[in-house]
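Read the structure below first, then the notes.
One-based numbering along the sequence shown. Only a predicted model underlies this, so the values are computations on that prediction, with no experimental measurement involved.
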Amino acid sequence: MSTHPVINPRGVACNKKTVSRASSRKSRPESSGSRLERFGPGSDHSESDDEIPHKPREHLPEIADFTTVDINDEKAFDTDLEDKGAGAAPGVSIDLVADFQYLRTAYAIDTNLKFSDNLFAALKTTTAYDPTGRTAYIEGCKKVGVVPASYFLRHMNDPHLSMKHHGLGSQGMRAIAMSLVSNTSVLTLDLSDNWLGHPGGHAVCEMLRDNCFITHLDLSDNKFGLQTAESLSQTLQQNSTLTHVTLSGNDFDDKAAVHFSDAIMNTTKLEYLNLSHNLFGENAGIILGPAIADNSSLKELDLSWNSIRRKGAVAIAQGVKNNVYMKKINLAWNGFGLEGSIAFGDALKGNQVLEELDLTNNRITSEGAVLIGKGVSVNETLTTIRLGRNPMQTAGCYGICAAILRNPNCALKELDFKDILVNKDFDDIFKQVQEQVPDIKMRHGGMEPPKKPRARIHPMVKLTNYIEKNNLRLVDFFNKFDKDGSMSVTYEEFQQGIEDTGIKLTQEEVQILLSELDSDGDGEINFSEMVSGHTGFQESQQENINVILTATQPRPVTT
């Protein structure tokens with residue numbers, strides 16, 4: 001056995017023991033094998049340590065003495081270390097790495113060492129102060145019986161710490177929370193998608209009561225629910241450091257909105273709050289609306305992807321109207337409809353602070369867009385408005401642009417009509433908007449496809465319809481043109497007769513009739529040519545009808 005001087009965090013030299021893995025195995029033969037093998041297949045795993053046949057307690061004092069371990073060495077507790085000489089760091093006790101796993105198992109067996117609030121308080125008072133929180137984390141892992149996360153140990157001194165998608169669960173979060181109580185390095189913490197549940201959320205809240213360094217916190221997708229909402233509300237009201245908090249996707253419903261209403265109303269430091277992708281409904285909007293009106297710190301609020309409608313939408317709009325601090329609000333994918341459109345049109349008239357408004361996919365029709373435009377026509381601070389994916393069609397987009405033209409002090413820089421088709425009329429008015437506001441940017445769903453021109457009606461059809469409508473014979477109709485009774489008319493007489501009868505034909509259509517009826521090309525139309533042309537046209541029409549009917553008939557089934 002050899003000793004090596006090690007400098008501890010306080011700068012004091014101490015001797016650290018280095019024991020080879022081989023000698024350790026010889027000195028502790030009873031520690032090999034699984035617990036089931038040592039106890040036997042019929043043994044009771046819950047029996048006390050005094051009844052265990054082997055003698056692990058003889059080694060507990062040496063194992064539990066972690067004061068001689070260089071705790072700043074992140075590899076000291078790496079469970080993947082190989083034997084000495086095969087990549088192990090010089091001066092690191094390899095046996096202590098193996099013994100730590102043994103010690104963790106021993107703590108997990110002891111049912112009296114379960115995590116509790118009292119244990120959390122005891123750990124904070126008994127553990128020596130460590131600004132990194134490493135000591136507290138190791139102790140916390142031993143107490144709750146979890147394996148330390150090597151990623152956390154490597155990055156716990158980073159100012160921006162991301163632990164998302166790590167599957168921490170409530171127990172893993174408790175150990176990390178113990179560490180973050182005394183950690184002074186982490187400023188931005190991302191714990192999204194770890195399914196912390198209420199116990200893990202409660203541990204986060206306990207940590208935030210003492211931590212005064214974390215400013216940005218992301219707790220998305222952790223399935224907190226109503227119980228955690230109350231704890232988070234109290235924490236947001238008490239914590240004076242947090243400025244940005246994300247709580248999306250945590251199943252918060254209308255009952256949880258009561259607690260968040262208190263937090264929004266009473267917080268004085270929070271600048272950004274994200275409550276998107278939750279279960280807030282109409283009642284939640286009614287509850288949150290007055291709190292938004294009274295808030296004096298929030299600059300950005302995200303309530304997108306909820307189900308706030310009707311009266312809830314009106315209450316939110318009233319809150320925005322009376323708020324004098326908020327710069328951005330995201331209300332996309334809620335379904336405000338016509339009532340919400342009316343309320344937000346009124347809100348834009350009264351609010352002279354808001355800069356960005358997102359009403360994407362909120363069932364806003366053309367009428368609703370025109371009503372919102374009334375607010376746009378007098379607002380002087382709004383720079384971005386998003387109205388994409390609404391059934392407002394090109395008429396609604398046209399109404400917003402017309403409102404901009406009526407506002408000489410309009411500050412809009414971005415118009416978003418995503419997935420809405422527009423036509424040439426909108427394109428023309430937007431060019432006028434660009435002349436008034438040169439820097440404005442706009443996007444839409446593309447131009448509407450050009451309408452197909454109507455099929456031209458043959459002028460002979462108009463003649464036939466006139467004859468049938470007035471119950472005339474063809475000879476009687478021809479006599480209206482033949483004033484001298486010669487049974488032949490010139491082009492001028494034919495054209496004059498068309499005007500006298502009141503048949504609406506263009507000059508082009510008259511020329512078509514003359515060219516078709518004057519079969520011999522002598523410059524006149526006699527009665528026989530009139531009859532031949534009329535009869536031939538009717539026969540050709542009947543042939544076209546027969547072709548269409550034949551093509552549409554189902555074919556006979558053959559075998």
Do [X] and [Y] come within less than 4.5 Å of each other through their side chains, counting heavy atoms only?
X: Glu356; Y: Lys327; value: no
X: Leu303; Y: Leu288; value: yes
X: Leu208; Y: Leu217; value: yes
X: Tyr325; Y: Val353; value: no
X: Leu421; Y: Gln393; value: no
X: Met265; Y: Asp294; value: yes
X: Leu273; Y: Leu298; value: yes
X: His202; Y: Thr228; value: no

Distance-only side-chain donor-acceptor flag, [X] / [Y], under 3.5 Å:
X: Ser231; Y: Gln227; value: no
X: Ser248; Y: Ser220; value: yes
X: Ser233; Y: His259; value: no
X: Asn274; Y: Tyr272; value: yes

So, does [X] use its side chain to make a donor-acceptor pair with the main chain of [Y] at under 3.5 Å?
X: Asn334; Y: Leu331; value: yes
X: Asn183; Y: Ser185; value: yes
X: Ser297; Y: Leu270; value: yes
X: Asn323; Y: Ala293; value: no
X: Tyr137; Y: Ala149; value: yes
X: Asp253; Y: Lys255; value: yes
X: Gln436; Y: Asn407; value: yes
X: Asn390; Y: Met392; value: no
X: Asn278; Y: Phe280; value: no
X: Asn379; Y: Asn351; value: yes

Open item on the list: One pair to check against salt bridge (Lys or Arg N to Asp or Glu O under 4.0 Å): Lys164 and Asp193. What are the steps and the verdict?
Closed with: CA-CA 6 Å; Lys164 62 181 179 180; Asp193 191 26; over 6 Å; no
Please report the interatomic distance [atom1]([X]) to [atom2]([Y]), rounded to the nearest 0.5 Å.
X: Arg309; Y: Glu339; atom1: CZ; atom2: CD; value: 12.0 Å
X: Ile214; Y: Asn239; atom1: CD1; atom2: CG; value: 8.5 Å
X: Asp221; Y: Ser192; atom1: CG; atom2: OG; value: 6.5 Å
X: Asp346; Y: Gln318; atom1: CG; atom2: CD; value: 6.0 Å
X: Ser182; Y: Met207; atom1: OG; atom2: CE; value: 11.0 Å
X: Cys397; Y: Leu415; atom1: SG; atom2: CG; value: 9.0 Å

So does [X] have more than 12 non-hydrogen atoms from other groups sitting under 6.0 Å from [atom1]?
X: Glu271; atom1: CD; result: yes
X: Lys299; atom1: NZ; result: no
X: Tyr398; atom1: OH; result: no

Open item on the list: Are His198 and Phe224 an aromatic pair, judged by ring center distance below 6.0 Å?
Closed with: no
Open item on the list: Tell me if the aromatic rings of Phe417 and His444 count as close, with their centers under 6.0 Å from one another.
Closed with: no
- [ ] Starting from the C-alpha separation in whole Å, work towards a yes-or-no answer on side-chain hydrogen bond (donor to acceptor under 3.5 Å, both in side chains) for Asn423 and Thr394.
- [x] CA-CA 7 Å; Asn423 57 19; Thr394 187; 3.3 Å; yes
Nearest heavy-atom pair of [X] and [Y]: which atoms, and what distance?
X: Asp254; Y: Glu282; answer: OD2-N, 4.5 Å
X: Thr188; Y: His160; answer: OG1-ND1, 3.1 Å
X: Met156; Y: Gly133; answer: CE-C, 3.6 Å
X: Lys462; Y: Leu505; answer: CD-CD2, 3.4 Å

TODO: Determine, step by step, whether Asp158 and His155 satisfy the side-chain hydrogen bond (donor to acceptor under 3.5 Å, both in side chains) criterion, reporting the C-alpha distance in whole Å, the side-chain angles of both residues, the deciding distance to 0.1 Å, and the verdict.
DONE: CA-CA 5 Å; Asp158 296 349; His155 296 276; 2.7 Å; yes
Open item on the list: Which residue is it: Val146, Asn194, Val144, Leu191? I am looking for the one with a side chain to side chain contact (heavy atoms under 4.5 Å, CB included) to Met173.
Closed with: Leu191
